[in-house]
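Below: the structure, in structure tokens.
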Amino acid sequence: MPDPVASIANAIQRDGGDGIVVVYYPDLGVRDWLVSEVESIAAVETSVRTDSVKDARTHMDSLVLLLPANERAAVEELDGARDQFLEPKRAYPVVLFLLRDGDGARALREAPSLASWVRGSDPDPELLAEVDVEAERRAFEAGAGASPEEWLARWRAKEIPMDASNVVLSYRASLLERR
């Protein structure tokens, strides 16, 4: 299962100072919390929150958290300003927050330059955190040779040794167990 925190951290580290990272949020109620999480994940000395693409360009030595009021306009402006974000070199990327399936996300699909630039640097934490239980159960069975319920029955009967790897497996099985 993909790790949303690791995906965001990897996107920020991978793009360093020459990229734009897009982080999708499900609704405005979650956006501020997600912005704070991104700041803590990035672990940088300085970060700046702004709603302006123009302002984002001026903060070369900070992680810029771009929170535009008009996401479509921001995407269109970024699409046309790629070179301005590449030179001079930035210390950290710009992190653009877009409402999933909102105007900005739709505009990004129509912005070929920006879309190709951010491809692979656009984690959606909520989607990454979703679990396909049936796929995880199949993976468990393939690795353990038994369903989570069968494996747990043997574990609880103390037929399986209590070592570190089996303790981890018991936890995973208990999350997948049908009750």
Side-chain angles (χ1 to χ4, degrees), residues 1-136 139 171-172 175:
M1 166 175 47
D3 180 353
V5 173
S7 296
I8 292 170
N10 288 339
I12 291 170
Q13 292 168 357
R14 177 179 56 246
D15 283 342
D18 61 354
I20 293 182
V21 174
V22 176
V23 175
Y24 293 96
Y25 61 93
D27 59 61
L28 284 172
V30 174
R31 185 180 75 173
D32 288 338
W33 172 83
L34 188 56
V35 170
S36 296
E37 289 299 302
V38 168
E39 281 178 312
S40 68
I41 291 166
V44 298
E45 289 183 28
T46 58
S47 63
V48 173
R49 294 181 186 195
T50 184
D51 64 354
S52 160
V53 172
K54 182 179 178 182
D55 190 36
R57 282 196 305 264
T58 65
H59 295 284
M60 304 298 292
D61 295 325
S62 301
L63 176 70
V64 175
L65 306 165
L66 182 55
L67 308 157
N70 184 335
E71 292 181 357
R72 174 173 285 283
V75 166
E76 291 169 353
E77 188 175 349
L78 285 167
D79 189 51
R82 179 178 178 167
D83 293 342
Q84 296 171 20
F85 280 88
L86 290 171
E87 292 294 331
K89 182 128 172 84
R90 307 178 56 81
Y92 303 101
V94 171
V95 181
L96 171 63
F97 290 85
L98 294 178
L99 177 64
R100 181 184 315 112
D101 299 323
D103 277 349
R106 285 189 294 276
L108 183 58
R109 290 190 290 270
E110 301 161 6
S113 178
L114 183 59
S116 68
W117 191 16
V118 301
R119 191 168 293 118
S121 297
D122 53 352
D124 187 334
E126 188 169 269
L127 288 179
L128 291 171
E130 289 180 2
V131 176
D132 180 343
V133 175
E134 291 308 312
E136 291 296 323
Y171 177 73
R172 186 170 166 220
L175 291 174

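If you're wondering where the values come from, they're calculated on a predicted model, not measured in any experiment.
Without hydrogens or angle criteria, Glu71 side chain to Leu99 main chain gives a donor-acceptor distance under 3.5 Å. A donor-acceptor contact shorter than 3.5 Å links the side chain of Arg106 to the backbone of Asp101.
When all heavy atoms of Tyr25 and Phe97 are compared, the closest pair comes out as CE2-C, 3.8 Å. The shortest non-hydrogen separation linking Val75 to Gly104 is CG2-O, 3.6 Å. Scanning all heavy atoms of the two residues, the minimum distance from Ala69 to Asp51 falls at N-CB, 4.3 Å. Taking both residues in full, the closest heavy atoms of Arg31 and Pro68 are given as NH1-O, 4.1 Å, listed atom of the first, atom of the second, then distance. Across all their heavy atoms, Arg49 and Glu39 have their closest contact at NH2-OE1, 2.6 Å. Among all heavy-atom pairs drawn from Arg72 and Asp103, the shortest one is NH2-O, 3.8 Å.
Residues satisfying the side-chain contact (heavy atoms from CB on, under 4.5 Å) test with Ser52, not counting sequence neighbours, are Thr50, Lys54, Asp55. Residues passing the side-chain contact (heavy atoms from CB on, under 4.5 Å) test with Asp61 are Ala91, sequence neighbours excluded.
The CG atom of Leu98 sits 10.0 Å away from atom CG of Leu67, with the distance rounded to the nearest 0.5 Å. Taken to the nearest 0.5 Å, the CZ atom of Arg57 stands 8.5 Å off from the CG atom of Leu78. Rounded to the nearest 0.5 angstrom, Thr46 OG1 and Leu63 CG are separated by 8.0 Å. Atom CG in Asp32 sits 11.0 Å away from atom CG in Leu65 (nearest 0.5 Å). The line from CZ of Arg90 to CD1 of Ile20 is 8.0 Å long, rounded to the nearest 0.5 Å.
Relative to the ring axis of Tyr24, Arg100 does not place its NZ or CZ within 45° and under 6.0 Å from the centre.
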